[in-house]
Each structure stands twice: as C-alpha cells, then as structure tokens.
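Shown next, in structure tokens, is the structure this report addresses.
Since we're looking at a predicted model, the values are computed, not measured. Only this structure's heavy atoms are used, side chains among them; waters, hydrogens and symmetry mates stay out.
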Amino acid sequence: MNSEIGPQEKIIRIAGSITVDELAGALGLSVTALIGELFKNGIVATINQRLDFETAQIMIDELGLKNVRLERKNTAAKLTDENRRELSKDAVVRPPVVAVMGHVDHGKTTLLDNLLKKKTVDTEAGGITQHISAYQMEYDDRKITFLDTPGHEAFAAIRQHGAMLTDIVVIVVAADDGVKPQTIEAIKFAQGANAKIIVAINKIDREGADVERTKAGLAEHGLMPEAWGGDIIMLPVSAKTGEGLDKLLESILLVADIEELKADVEIPAEGLVIESHMETGKGSVVNLLVTGGELKVGEFVVAGSSYGKIRTMVDFQGKPKGKAGPSAPVTVTGFKDLPNFGDKFLEYADEKSARKAALLNAQGIASEAASANVTSTDLLRMMNVVDNSKVFNVIIKGDVLGSVTSVVDSLKMIDTKGEVTLNIVATGVGDVTENDVYMAAGDNTVIYGFNVSVPTNIAKLAARDGVEVRNYRIIYELLDDARSSMEDLLDEEIVETELGHMEVMGVFRITKTELIAGGKVKDGRAEVGSLVRVKRKEEELGEAKVQSLEKEHIEAKELIENEIGGLAMQTEKKINLEKGDILEFFRRETRKRKLGE
C-alpha cells in the first residue's frame, strides 16, 4: 500500500486489501476513530483486520472524505517476477512458452490447428475455446510450447493466467476486422506479464483484408511495427491456407534466442497448474506446465493445499511420459485433491514432507481468508442496504477449475449498481450432485452447471425439491440467463410518455366522477384511453382518463394537432374545469428494468 498527496486530492493505492491500521494512517485518522466508524456500521474490527477494496471505498464515502480517491494497485508484473526463479550458472536453454491470444473469431485456434496439424475447433462449444489448452511442437529441430487461451471476454481470468505463464504472446488480429476490445485486453495482459509480443495479422486471404490499416490500429494502442521504426514483429498470415506460418515460427525462435530463455534442471521439479478436473476411475486429473527441474512419475508434489504422488503422466497427445523437463505441458494423476487453477507446484522428497507442506499451505490460505473477511457485501448487508428479496443465490458447478473461476469472475462483473446482490453459495468441479441439490433447497438457489452432466436421479430429486438446475455449454448463454434472473428481481419502473396538449374552449358537464368538455389540440394528439393532467397555469388540478372522443359529432379514436373536438373524462375526485385550462395527455406504463439502468 502507498499513497500520494496531490494539490487537491489524496490518492491511496492498494493491492486487493488493506488493514484498518494502514487505512487509518493513509487517511490521517486515528485507528480508534476508524474502528469507531466501522463499529457504527456493524463491523467489530481489530487494528490488523483487512478490508477489501470495495469496503475501504464505502468507509471513505461514509466518512465524507471528498478529496480522497482510492485506486487499485497493479501487481501483475510483481507476481510474474516472483514466479521466476534466479537461475544458476548450470541453467540450460529451454523451449519458449507462447500464449496465443486475440479477439473471439479472429482465428487463433485455427492457426494453432494448422501449426499442430490437429483439429479442435469443431469440438469446442460454439467454436470458442473454453479452457487453456497446452501443446508442444517441433520446428527446425527445436521445441515450442503453445498455450491456446480463450478469446471471449468472459474468460478474462483464464487468459490473464495464460499471460502470466508466458514468455512470448502471439496476438492474432484479423486483417478484415482490425483491433477489437479483446485485442486491446490481450495487449494489456501481455505487457503486464512482461512478455514479448509478436502480432500475427490473420485472414489475409479474406476479401476486405487490410494489413496496413490493421498495423495503424495496433500502433494507436502502443504496438509500433518494426517496419515503421518500432520493435514489434508483425507478420501477415493465413491460418486457413498456412501462408506465413513458417515465418511466424522462425520469429518465435528468433525472439526466444534474443531473450536467452533458460531453466535449471538439477533442482526439484516446479511449475504451474494450468487446469484440473475429476475423472471417474482416475480421480484428479491435472494439467501442469513444468518451469524448472524434471518432473518424473513416482515423485511427490505439492500445489497449494493439495499434494500427491505422480501416478501417471502423458503429453498433450495422450502419449505416456516418464519425465518432463522445463516448458513441457503434461497431464498427471495422483493428486489427493484438486489443486487450484494457477497454483505453483513443487516437488518434495517424500510423502511426509509433501503432506506437511500442503498442510502449512492450507493453514496459510485459511489465515489469509480470515484476515480479509470483511467484504463490501458483508458491510452493505450489515448497513441494511441489501434487500433480502433482491439476493440472487447460485451454486456453480464446472467441468474444470478454470471454468468455475471464469464463470464466477464473469458473474461478479455483471453490473447491478448495488440493487441486486449476487450470493455464490458454493462452487465445485464435476457433475451436479445430491449434496448440491440439498444445499440449494429451500433458499431459492439456482444451480448453474457449465460443461457438466446432471444425472437422471439428480434431475428428479431437484424437480421434487423445487430446485432449478440450469446447465450450459456456452458461457454467453449462462451469463445471459443469470443477468435475466437478476433483472427479474428488480422493481418494475413506471414510465410516462407524453402525447400532447389541448386548450379547453368550453365545459359542458362537471360531476364528482365525470368531465365533458371541448377544446383544440395545441400539439401532439389526444387518444381514447390516455391519461390527462388538468393544469391551470402552473397548478395541477388533478388527473383523469379519456373515456371517449368526438370530432364533428362523430366518435373518434384520436384528435391530432389543430383539430377541435369534444371529450368525456372519468375522474376519481371532482375537478372544477374552466375555459382556458390545459389538458396534458400522456400514457403511464410499468416496464421491466434492465441491470445497470
């Protein structure tokens, strides 16, 4: 945490969370005063209690500190540096790890298919990559590891992890479509991860392809082509025909040589968890990327709070491997529990030391969670801001941890402007279970499944208990469903539409519940069934409803501008209508609101 003071405002930058003591110091308040303010809002806090970003912002607002601005500190580069070990003099050259990123439908998975001579696009739901996939190929007798990262904005969390694992990022941009929001996002991720960038300008075989215009669009976002005096390699390619792909591979190896990518081999194996899920008969199946040492079958490894002995190991093609060196992607079995997506793994000498390390990690994770237990949702609930009738309870089940992470992050990004609270009751990997249904019963909780199955007996149990299980294979549809469900919780909005005005020229009858008059429409129109405000100068005398209209003694549905006619109106109370009064015609309707409105 750090802060800086400008001439008019103080900016406080925090990374994720901040202690009460740190926030009080940054605000120039006594710790006692801040603890007292928290107590007023229902929070019993200690000096070392951690507050998340949103809670800190709420407290600043509650204190009325208009000259204080809170900003999130970007820690992406720092995390990357922490994940990279200081190399010894014995380090050896390793293959580059290349993440392929870009806007959805710009052809990055097709490009990889052509490079690897494999077919994956048709197997993806909706033709969109749903998980990080890792592959390794040989070119010019050298290995290159590729990570295919999802392209839709809903998978931003997965894609950011992809950038963090990466030496080089190939950003795929369609020459006929240009720079798009996810292109810009990929650029930011690559820069935040300190990765080298190569741009593949794809679809040059398409009508409307314009390579120079695409380069100009990229230059506007800080990527200056080599041909224009910059340092970014930009190559025209066609994933469909294969044109330019050799040049792309040569450029990747050239950048790898310049960067002198190396890793230590004579150390305990280490790396990162790319993906994990459960499989019947295999237990936990975990995709790993080795970053150092050599991982061998039979070794004990720890990832976060999970540990195990490597029982089987296969490469991305499913071929058995006895060992895997730096930059190799492998799939292993043997973990006793599912490690988390993005966890660092380390090799240990024996089961006892592995189990101890996993236990210590678990305690550390639990301690960290406990020390940051005051969240904005908690605080809002304590301040009685959250209406229990506007809480959307969900349980998320996904095929792999990366999917669960992405769905949860994407749901949290739906802007409800604080009117609906998203409450994630539980998450998990694997098919929907009996326990999920029991957890959801009686609390209006929806179970969302993503790329999982709902066994027939579970579906029957859910139907019996009135639990909704909504299963999806495409994340757009899941998010649209959640957004619609949250909109259903919003109060309906009353909308008024102005129709026109009439000046009263004569009054024929006034009773307690009826008015009959004649006049001229000044603008717009008068309609049968419309509502009327009766106005005398600035004063509003009351409201009525048009029962019937007449034009030249003939019944009419409407009168338009400059037409003269008569009208009968129904009222709830007597209105003493006079010549010269103005009748304001309008419709009043209730409308279902949209989130963010």
Side-chain angles (χ1 to χ4, degrees), residues 96-140 142-153 155 158-159 162-163 166 168-187 189-190 195-215 217-218 223 225-227 232-256 316-317 329:
V97 178
V98 182
V100 185
M101 297 183 171
H103 192 74
V104 65
D105 294 334
H106 275 203
K108 55 193 185 55
T109 304
T110 307
L111 184 147
L112 268 173
D113 289 342
N114 202 314
L115 289 174
L116 300 163
K117 299 296 185 288
K118 58 189 292 296
K119 192 68 176 170
T120 61
V121 171
D122 293 341
T123 65
E124 295 284 2
I128 300 161
T129 306
Q130 304 278 329
H131 314 122
I132 284 184
S133 299
Y135 315 101
Q136 195 168 62
M137 65 169 291
E138 283 197 15
Y139 182 78
D140 200 17
R142 295 175 63 183
K143 291 181 178 178
I144 303 172
T145 298
F146 284 102
L147 302 178
D148 181 15
T149 66
H152 185 252
E153 70 240 17
F155 289 93
I158 292 181
R159 191 159 60 253
T166 304
I168 300 168
V169 173
V170 172
I171 297 176
V172 181
V173 189
D176 63 339
D177 201 21
V179 175
K180 293 294 177 183
Q182 288 154 37
T183 316
I184 299 165
E185 192 180 64
I187 292 169
F189 284 159
K196 294 298 175 183
I197 296 174
I198 296 174
V199 178
I201 301 177
N202 191 27
K203 301 190 180 182
I204 57 171
D205 55 297
R206 287 271 189 98
E207 186 179 344
D210 191 331
V211 173
E212 294 306 306
R213 184 182 62 198
T214 305
K215 286 181 180 178
L218 290 161
L223 297 189
E226 282 185 329
I232 302 297
I233 299 172
M234 295 190 183
L235 303 168
V237 302
S238 170
K240 185 177 179 181
T241 67
E243 183 181 348
L245 297 192
D246 282 333
K247 184 67 175 175
L248 174 61
L249 293 171
E250 289 166 7
S251 297
I252 289 170
L253 293 175
L254 174 64
V255 171
F316 76 94
Q317 293 175 315

Next item on the list: To the nearest 0.5 angstrom, please state how far the CG atom of Leu253 sits from the CD1 atom of Ile168.
Entry: 8.0 Å
Notebook entry, point to check: Between Gln136 and Phe316, which heavy-atom pair has the shortest distance, and what is it?
Noted result: O-CE2, 2.9 Å
Check: Counting distance only, does the side-chain N/O of Asn202 pair as donor-acceptor with the main-chain N or O of Val173 below 3.5 Å?
Finding: no
Margin query: Apply side-chain contact (heavy atoms from CB on, under 4.5 Å) to residues Ile198 and Leu248 and explain how you reach the verdict.
Written below: CA-CA 8 Å; Ile198 296 174; Leu248 174 61; 4.0 Å; yes
Margin query: Let me confirm one number: the CE-CD distance from Met234 to Glu226, rounded to the nearest 0.5 Å.
Written below: 9.5 Å
Note to self: What's the separation between atom CZ in Phe146 and atom CD1 in Ile252, rounded to the nearest 0.5 Å?
What the structure shows: 4.0 Å
Notebook entry, point to check: Does the side-chain contact (heavy atoms from CB on, under 4.5 Å) test come out yes or no for Leu223 and Ile187, once each step is laid out?
Noted result: CA-CA 8 Å; Leu223 297 189; Ile187 292 169; 3.7 Å; yes
Checklist line | Nearest-0.5 Å distance, CG of residue Leu245 to CD of residue Glu243 | finding: 9.0 Å
Checklist line | CA sep, side-chain torsions, deciding dist, call: Ile171, Ile197, side-chain contact (heavy atoms from CB on, under 4.5 Å) | finding: CA-CA 7 Å; Ile171 297 176; Ile197 296 174; 3.9 Å; yes
Next item on the list: State, to 0.1 Å, how close Gly102 and Ala186 come at their nearest heavy-atom pair, and which atoms those are.
Entry: N-CB, 4.4 Å
Item checked: From Ile201 atom CD1 to Leu235 atom CG, the distance as rounded to the nearest 0.5 Å -> 8.0 Å
Check: Any idea which heavy atoms bring Ala195 and Thr166 closest together, and the distance?
Finding: CB-O, 3.9 Å
Check: For the residue pair Ser251 and Ile233, what are the closest heavy atoms and their distance?
Finding: OG-CG2, 4.0 Å
Item checked: Euclidean distance, Gln317 CD relative to Met137 CE, rounded to 0.5 Å -> 11.0 Å
Note to self: Is it true that Thr241 and Asp205 share a donor-acceptor pair across their side chains at a distance under 3.5 Å?
What the structure shows: no
Check: Looking at Val237 and Gly244, what are the two nearest heavy atoms and their distance?
Finding: CG1-O, 3.6 Å
Next item on the list: Start with the C-alpha distance between Val179 and Leu218, add both sets of side-chain angles, then the distance that settles side-chain contact (heavy atoms from CB on, under 4.5 Å), and finish with yes or no.
Entry: CA-CA 7 Å; Val179 175; Leu218 290 161; 3.9 Å; yes
Margin query: Using a 3.5 Å distance criterion without hydrogens, assess whether the side chain of Asn114 forms a donor-acceptor pair with backbone atoms of Ala239.
Written below: yes
Item checked: pair Thr145-Tyr135: side-chain heavy atoms closer than 4.5 Å -> no
